[in-house]
Amino acid sequence: MFMKIFYLFLASFLLFACTIPSPSTSAPELILGEQILDETFSQSGGWSLYATSTVTATVTDGVYRMLLQQPNQYVWGTNNTRYNDTVIEVDVTWQSDNPNAFAGMVCRLSPDDSRGYYVVVSKSGDFSIRYIGRNVDDALIPWRNSPQIPRQSTFQMRVVCVDEFIGLYINDNYIDGSRDSRLSRGQLGLAVGMPQTVSGDGIALVDFDNLRVWDASFDD
């Protein structure tokens, strides 16, 4: 059941921006259906568990804790379940002081080749939405800054993967979204990473908790 966490270096994935644009798309009207996952991480629950000298993913103290100690890469973990149109929520807690560490979610993930929609935020307040696979890094929304992304403590992250729309909310505030038709089904993942240049404590340490998933559709 345990799947090895995948990691690689993607240079363009790690370029943070410093502008503060308005959302490029408007927030969609969503209809939430049945809740299909309510994960409190009280048990491992089939989630990826991994430990090397530079990467650790554990279910401990009621959270899914991911630690990365080497720059130029990101890592993800999953529970192997596949989903179609979903709204995904998770509580994210920064546990390290590296301002460029980033964390987030992957939806419609194909574990064989790492293809998926990666929705990530950095501790310095940047975010990006990307289609990523082996040797592919397509920025649906390039790195941008948002004052609504907390730099400290815990915040709620919501990712919408419905039809062709991939969107990001932070603490119920719509940040931005984009459209892409290349993937329609796959696993969900939790991810952390670091850019080429790090500062602070030089690690990415993030706790994830209270992961919830709903079937969803658009209100046409």
Side-chain angles (χ1 to χ4, degrees), residues 13-14 16-25 27-28 30 32 35 37-42 47 57-68 74-79 86-107 117-130 140-162 165-178 188-195 198-201 203-214 216:
F13 189 60
L14 306 172
F16 298 160
C18 57
T19 58
I20 307 176
S22 300
S24 58
T25 61
L30 289 167
L32 290 185
Q35 184 172 356
L37 181 64
D38 186 2
E39 177 64 82
T40 61
F41 297 106
S42 58
W47 283 86
T58 61
V59 175
T60 183
D61 298 328
V63 299
Y64 189 63
R65 181 165 295 159
M66 302 186 73
L67 169 65
L68 177 62
Y74 68 95
V75 296
W76 51 253
T78 181
N79 69 350
T86 55
V87 168
I88 310 160
E89 288 184 353
V90 71
D91 295 338
V92 181
T93 302
W94 301 115
Q95 297 287 10
S96 56
D97 293 327
N98 179 1
N100 291 327
F102 58 85
M105 286 187 273
V106 191
C107 65
Y117 297 115
Y118 291 69
V119 184
V120 287
V121 300
S122 78
K123 198 173 187 296
S124 57
D126 299 303
F127 73 96
S128 184
I129 300 176
R130 313 181 83 86
L140 305 180
I141 296 181
W143 285 103
R144 300 177 182 175
N145 188 266
S146 171
Q148 295 176 318
I149 297 173
R151 276 67 166 174
Q152 302 291 333
S153 192
T154 300
F155 60 95
Q156 184 187 85
M157 184 174 185
R158 170 184 280 198
V159 171
V160 175
C161 288
V162 176
F165 183 80
I166 313 298
L168 169 65
Y169 293 74
I170 298 294
N171 293 333
D172 293 326
N173 297 308
Y174 177 64
I175 305 301
D176 210 345
S178 186
L188 69 86
L190 301 171
V192 301
M194 280 195 295
V198 298
S199 58
D201 53 22
I203 65 172
L205 177 61
V206 180
D207 288 347
F208 298 94
D209 198 8
N210 299 317
L211 176 65
R212 301 165 295 276
V213 182
W214 292 266

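Fair warning: this is a prediction, and the values are worked out from it, not measured in the lab.
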In D209, T58, D207, the residue satisfying side-chain hydrogen bond (donor to acceptor under 3.5 Å, both in side chains) with R65 is D207
Atom of [X], atom of [Y] and distance for their closest heavy-atom approach:
{"X": "G177", "Y": "S24", "result": "O-OG, 3.5 Å"}
{"X": "G193", "Y": "A204", "result": "O-CB, 3.7 Å"}
{"X": "G77", "Y": "M66", "result": "N-CE, 3.9 Å"}
{"X": "A103", "Y": "F208", "result": "CB-CZ, 4.2 Å"}
{"X": "A216", "Y": "V162", "result": "CB-CG2, 3.8 Å"}

Straight-line distance of [X] [atom1] to [Y] [atom2], nearest 0.5 Å:
{"X": "C107", "Y": "Y118", "atom1": "SG", "atom2": "OH", "answer": "10.5 Å"}
{"X": "L37", "Y": "N79", "atom1": "CG", "atom2": "CG", "answer": "6.0 Å"}
{"X": "C161", "Y": "L188", "atom1": "SG", "atom2": "CG", "answer": "9.0 Å"}
{"X": "M157", "Y": "L211", "atom1": "CE", "atom2": "CG", "answer": "11.5 Å"}
{"X": "R130", "Y": "L140", "atom1": "CZ", "atom2": "CG", "answer": "8.5 Å"}

Modelled atom types, side-chain donor and acceptor of S96 and N98, under 3.5 Å: no
Answer yes or no: is there an ion pair linking R144 with D126, defined by an N-O contact shorter than 4.0 Å? no
Which residues pass the side chain to side chain donor-acceptor pair (under 3.5 Å) test with [X], not counting sequence neighbours?
{"X": "T40", "answer": "none"}
{"X": "D91", "answer": "N210"}
{"X": "E89", "answer": "R158, R212"}
{"X": "T60", "answer": "none"}

Looking at side-chain heavy atoms only, is the closest gap between [X] and [Y] below 4.5 Å?
{"X": "Q35", "Y": "V213", "value": "no"}
{"X": "L32", "Y": "V87", "value": "yes"}
{"X": "M105", "Y": "V90", "value": "yes"}
{"X": "S146", "Y": "I175", "value": "yes"}
{"X": "V121", "Y": "F102", "value": "no"}
{"X": "S178", "Y": "T25", "value": "no"}
{"X": "V119", "Y": "V106", "value": "no"}
{"X": "D176", "Y": "F127", "value": "yes"}

Can you label the angle between the W47 ring and the Y64 ring as parallel, tilted or perpendicular, going by 30° and 60°? tilted
Qualifying residue, where the test is side chain to side chain contact (heavy atoms under 4.5 Å, CB included) with I203 and the options are L67, V192, D97: L67
Considering the options N173, I170, N171, V92, which one meets the side chain to side chain contact (heavy atoms under 4.5 Å, CB included) requirement together with I149? I170
Is there a side-chain contact (heavy atoms from CB on, under 4.5 Å) between K123 and N100? Walk through the geometry before answering. CA-CA 6 Å; K123 198 173 187 296; N100 291 327; over 6 Å; no
If only atom types and distance count, is the side chain of S122 paired as donor or acceptor with the main-chain N or O of S124 below 3.5 Å? yes
Donor-acceptor contact below 3.5 Å, side chain W94 vs main chain P150: yes
List for me each residue that meets ring-ring contact (aromatic ring centres under 6.0 Å, His included) alongside Y169, sequence neighbours excluded, and say none if there are none. Y174
Taken in chain and number order and not counting sequence neighbours, the residues that satisfy ring-ring contact (aromatic ring centres under 6.0 Å, His included) with Y117 are Y131
Please determine whether the number of non-hydrogen atoms from other residues, nucleotides or ligands lying under 6.0 Å from atom CG of D38 exceeds 12. yes
Evaluation steps, side-chain contact (heavy atoms from CB on, under 4.5 Å), between I166 and V160: CA-CA 5 Å; I166 313 298; V160 175; over 6 Å; no
